[in-house]
Every structure is written in C-alpha cells, then in structure tokens.
Amino acid sequence: MTLTQLEIFALVAEMQGFTAAAARLGISQSGVSHAVRELERELGVELLQRRQGRVELTDIGRQLLPRASGMLGLAEAMRQEAADARGLRRGTLRIGSFGPTSSMRLLPALLARYRQQYPGIEVHIDEGPDEQVLQWLLERRVDIAFAVLPDPRFVCCPLVEDQMVAVLPAGHRLADRPRVTLAELCGEPFALSGAGSAELVMRLFQAARLQPNIRYRCGQLLSTLDTVARGDAVAIVAELSLPSRPHAEGYVGKPLQPAVRRQVGLALLDGDQASPAARAFLQIADRLRIEGGLAGLNARENGAA
C-alpha cells in the first residue's frame with residue numbers, strides 16, 4: 001500500500017470518476033484504474049463500483065475512506081513539519097468554509113495576511129454547509145475549518161460574534177419592527193435554508209416549543225433570499241451572511257427577540273497533529289483578531305436593516 005494509491009482512491013471517490021481524477025492528477029485513466037485495483041488487491045475488498053456512468057463507494061470503501069484521508073493528512077503534516085524546519089516555504093493548506101460568513105467576510109483579510117507571510121503555501125478552499133464542513137475536518141479532508149463555536153470536538157479559535165436575524169420581505173407587516181419574535185414568524189410561510197444554520201434554526205423553534213410553517217427548503221442562501229424578496233416566505237439566517245445592502249434586494253433583516261447570538265471561528269481537529277501550515281493560519285487569524293482587523297464584522301446591536 002502506498003500513499004499514491006491512497007491519494008488516487010480518495011480523489012476518485014471525491015470526484016466520482018476515474019477520468020476526472022486522472023485529469024486532476026495529470027496521468028492516464030489506466031494509471032488511475034491500476035492504482036485502485038492494486039489497492040483493492042492488497043486489501044482484499046472492492047472499494048469502488050461503477051454505476052450508470054458514475055463511480056460510487058462500496059460500503060467498505062465508505063468505511064475506509066476516512067482512514068485513507070487521515071493517513072494522507074498525517075503524511076502532509078510530516079512534509080510540512082520538514083518544510084517548517086526550512087522556513088515553511090512549501091506545502092498545502094486545505095480550508096473548509098461555510099458560505100458568505102466565512103468565504104466573503106472573514107477569508108479575504110485572513111488570506112491576504114497569510115499569503116503575504118507564506119507565499120509558497122498552496123491554499124485550497126472547499127465550501128459547503130456548516131455540518132458538512134465539520135465532517136470534512138473529522139475525516140481530515142481539510143486541515144482547518146470555519147465553525148460555529150463552541151464545539152468540544154475541536155481545538156477552536158473564536159474570531160467574530162454574529163447573530164441570527166429574521167429576513168422579511170421589504171413591505172412585510174413586521175418590517176418596521178425593531179425586533180421580531182419566533183412566535184410572530186410562525187404565522188408566516190417559512191423558507192428553511194439548508195445552506196447554513198438550518199439545524200440551529202430548528203433547535204430555536206423546538207426550544208420555544210414552536211413549529212414554523214415550512215413551505216420552502218432552499219439549498220442555497222441566494223435562493224432563500226430570493227424567495228423572501230418575492231414575498232413568498234420569511235426566513236432566519238445569520239446576519240453576516242447577508243449582503244451589505246438588503247433594502248436594495250427587496251428584503252430586510254431584523255434581530256430576533258430575544259437575541260440569538262453565535263460565535264464564529266476556526267477549528268482544528270488536533271492541535272498536536274495539525275500541519276504547520278494550519279497552525280500558522282490559526283496564529284495569523286488570532287493575531288488579526290487581537291489587532292482589531294476583524295472587529296468591524298461583529299453583529300450590530302441595533303438591527304441588520
């Protein structure tokens with residue numbers, strides 16, 4: 001078993017195809033297929049199956065993929081430990097991000113500082129819903145991830161404080177209220193966004209023993225906001241995920257009553273085994289927070305509108 005075989009197996013599983021993996025790696029499809037066959041032969045199990053033009057993991061393949069990702073992550077950490085001894089001049093950093101809050105509000109300042117100090121580190125950004133990003137971190141598919149804190153599973157660094165806001169059509173009867181209650185939202189058609197804090201939103205209603213009238217389940221934040229702007233529903237999202245000019249888009253954001261705040265930061269799976277590139281990114285983020293470089297992103301007290 002070689003690291004190259006594990007890398008090819010993980011990439012084929014991620015891209016759901018031998019051809020796509022071969023193109024990414026810059027090798028022939030037959031070379032990719034051979035590497036997977038050799039790995040399967042050594043392990044004595046079938047890891048991947050071709051079905052209707054796609055490649056899918058078998059049950060045992062799904063079980064072993066996190067192991068392979070973990071071994072590859074540790075191998076990369078070893079390479080970076082060696083690079084660190086030479087001044088962290090080379091390496092790869094894989095960051096998990098969960099949408100506008102981290103990708104558009106936090107990452108630009110952090111990446112600018114990071115690339116200035118470590119220009120030789122290649123940075124990859126993978127974006128997905130909150131829980132998926134954390135699953136990537138658990139499986140070591142990413143080295144560091146943005147997360148809603150606290151989370152006892154990880155080594156965490158808080159960066160900014162955000163709040164959840166009700167998003168209403170601009171002409172809605174509640175749009176002039178300084179704050180909106182969950183009970184008031186229950187009387188309206190509700191759009192639940194799967195792009196971010198859907199689980200948090202449902203926990204809020206459950207804790208208040210309320211049931212929202214869910215009419216829409218939107219996979220993306222933009223489709224959620226568009227549904228609200230059309231006047232078809234109301235929603236709850238994180239304030240930092242909203243564009244800077246919500247009035248121009250046909251909706252307004254109003255803080256909840258009582259206020260629901262959330263803390264956003266960075267998470268590492270294991271501080272001791274984290275790669276030098278990931279630790280350096282965490283240190284830069286913490287230093288930027290202390291310097292006040294992220295202070296302007298904290299949730300406003302007087303509303304999002």
Side-chain angles (χ1 to χ4, degrees), residues 7 11 14 24-26 69 72-128 130 132-134 136-137 140-151 154-162 196 221 238-245 262-300:
E7 181 182 7
L11 190 59
E14 177 187 347
R24 171 77 67 85
L25 293 169
S69 298
L72 291 169
L74 291 175
E76 177 61 23
M78 289 180 63
R79 295 189 191 100
Q80 291 186 19
E81 289 284 359
D84 192 28
R86 303 191 304 270
L88 203 60
R89 293 192 295 270
R90 296 179 59 188
T92 302
L93 175 64
R94 302 165 299 171
I95 303 173
S97 181
F98 60 78
T101 299
S102 52
S103 298
M104 299 175 66
R105 300 297 184 96
L106 293 170
L107 263 177
L110 296 175
L111 286 177
R113 182 75 64 91
Y114 190 77
R115 285 168 173 155
Q116 181 181 30
Q117 295 190 26
Y118 303 104
I121 301 298
E122 184 177 310
V123 179
H124 296 179
I125 310 295
D126 288 323
E127 190 176 79
D130 305 27
Q132 184 179 33
V133 168
L134 295 182
W136 290 341
L137 185 58
R140 298 185 184 273
R141 290 179 57 182
V142 297
D143 304 304
I144 192 168
F146 287 92
V148 176
L149 309 180
D151 193 319
F154 307 111
V155 176
C156 299
C157 173
L159 297 178
V160 296
E161 187 179 73
D162 193 9
L221 177 66
E239 182 179 9
L240 286 180
S241 69
L242 290 174
S244 57
R245 297 181 61 197
R262 69 170 193 170
Q263 196 172 55
V264 179
L266 287 167
L268 284 172
L269 182 58
D270 187 325
D272 293 333
Q273 294 188 8
S275 69
R279 290 199 299 268
F281 188 81
L282 191 70
Q283 291 166 1
I284 284 176
D286 191 44
R287 190 157 56 245
L288 196 59
R289 175 188 63 83
I290 293 171
E291 293 172 358
L294 303 174
L297 298 180
N298 286 295
R300 292 176 294 234

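Residue numbers run from 1 in the order of the sequence given.
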Could you tell me which non-hydrogen atom of Pro119 sits nearest to which non-hydrogen atom of Gln116, and how far apart they are? CD-O, 4.0 Å
Hey, does Gln117 have a side-chain heavy atom less than 4.5 Å from the side chain of Gln283? no
Can you check whether Ala277's main-chain N or O pairs, donor with acceptor, with Tyr114's side chain at less than 3.5 Å? yes
Would you give the length of the straight line joining atom CG of Leu159 to atom CG of Leu288, rounded to the nearest 0.5 angstrom? 8.5 Å
Indicate the atoms forming the closest heavy-atom contact of Asp143 with Thr92, along with that distance. OD2-O, 3.9 Å
Only one of Val148, Val264, Thr101 passes side chain to side chain contact (heavy atoms under 4.5 Å, CB included) with Asp130; say which it is. Val148
Interatomic spacing from SG in Cys157 to CD1 in Ile284 - rounded to 0.5 Å: 12.0 Å
Can you tell me how far the CD1 atom of Ile125 sits from the CZ atom of Phe146, to the nearest 0.5 Å? 7.5 Å
Out of curiosity, Leu25 CG to Leu11 CG, how far, rounded to the nearest 0.5 Å? 5.0 Å
Would you please name every residue forming a salt bridge (charged side-chain N to carboxylate O under 4.0 Å, His left out) with Asp286, sequence neighbours left out? Arg289
What's the verdict on side-chain contact (heavy atoms from CB on, under 4.5 Å) for Leu266 and Phe281, showing C-alpha distance, side-chain angles and the deciding distance? CA-CA 9 Å; Leu266 287 167; Phe281 188 81; 3.7 Å; yes
Exam field: side chain Arg141 to backbone Arg94, donor-acceptor pair closer than 3.5 Å: no
What are the two closest non-hydrogen atoms of Gln263 and Pro158, and how far apart are they? CD-CB, 3.5 Å
For Leu110 and Ala285, work out which heavy atoms get closest and say how close. CD2-CA, 3.6 Å
Donor-acceptor pair, side chain of Asp126 and main chain of Gly96, under 3.5 angstrom: no
With side chains defined as the heavy atoms from C-beta onward, is the minimum distance between Phe154 and Leu134 less than 4.5 Å? yes
Distance in Å, Trp136 CH2 paired with Ser97 OG, rounded so as to fall on 0.5 Å steps: 9.5 Å
Correct closest heavy-atom pair for Ser102 and Pro108 would be O-CD, 4.5 Å
Counterpart residues, salt bridge (charged side-chain N to carboxylate O under 4.0 Å, His left out), relative to Asp270 (two or more places apart): none
Which heavy-atom pair separates Val160 from Leu240 by the least distance, and what is that distance? CG2-CD1, 3.8 Å
Rounded to the nearest 0.5 Å, how far does CG of Leu106 lie from CZ of Phe98? 7.5 Å
Does Ala238 offer a backbone N or O that forms a donor-acceptor pair with the side chain of Asp162 under 3.5 Å? no
Any donor-acceptor pair under 3.5 Å from Arg279 side chain to Ala274 backbone: yes
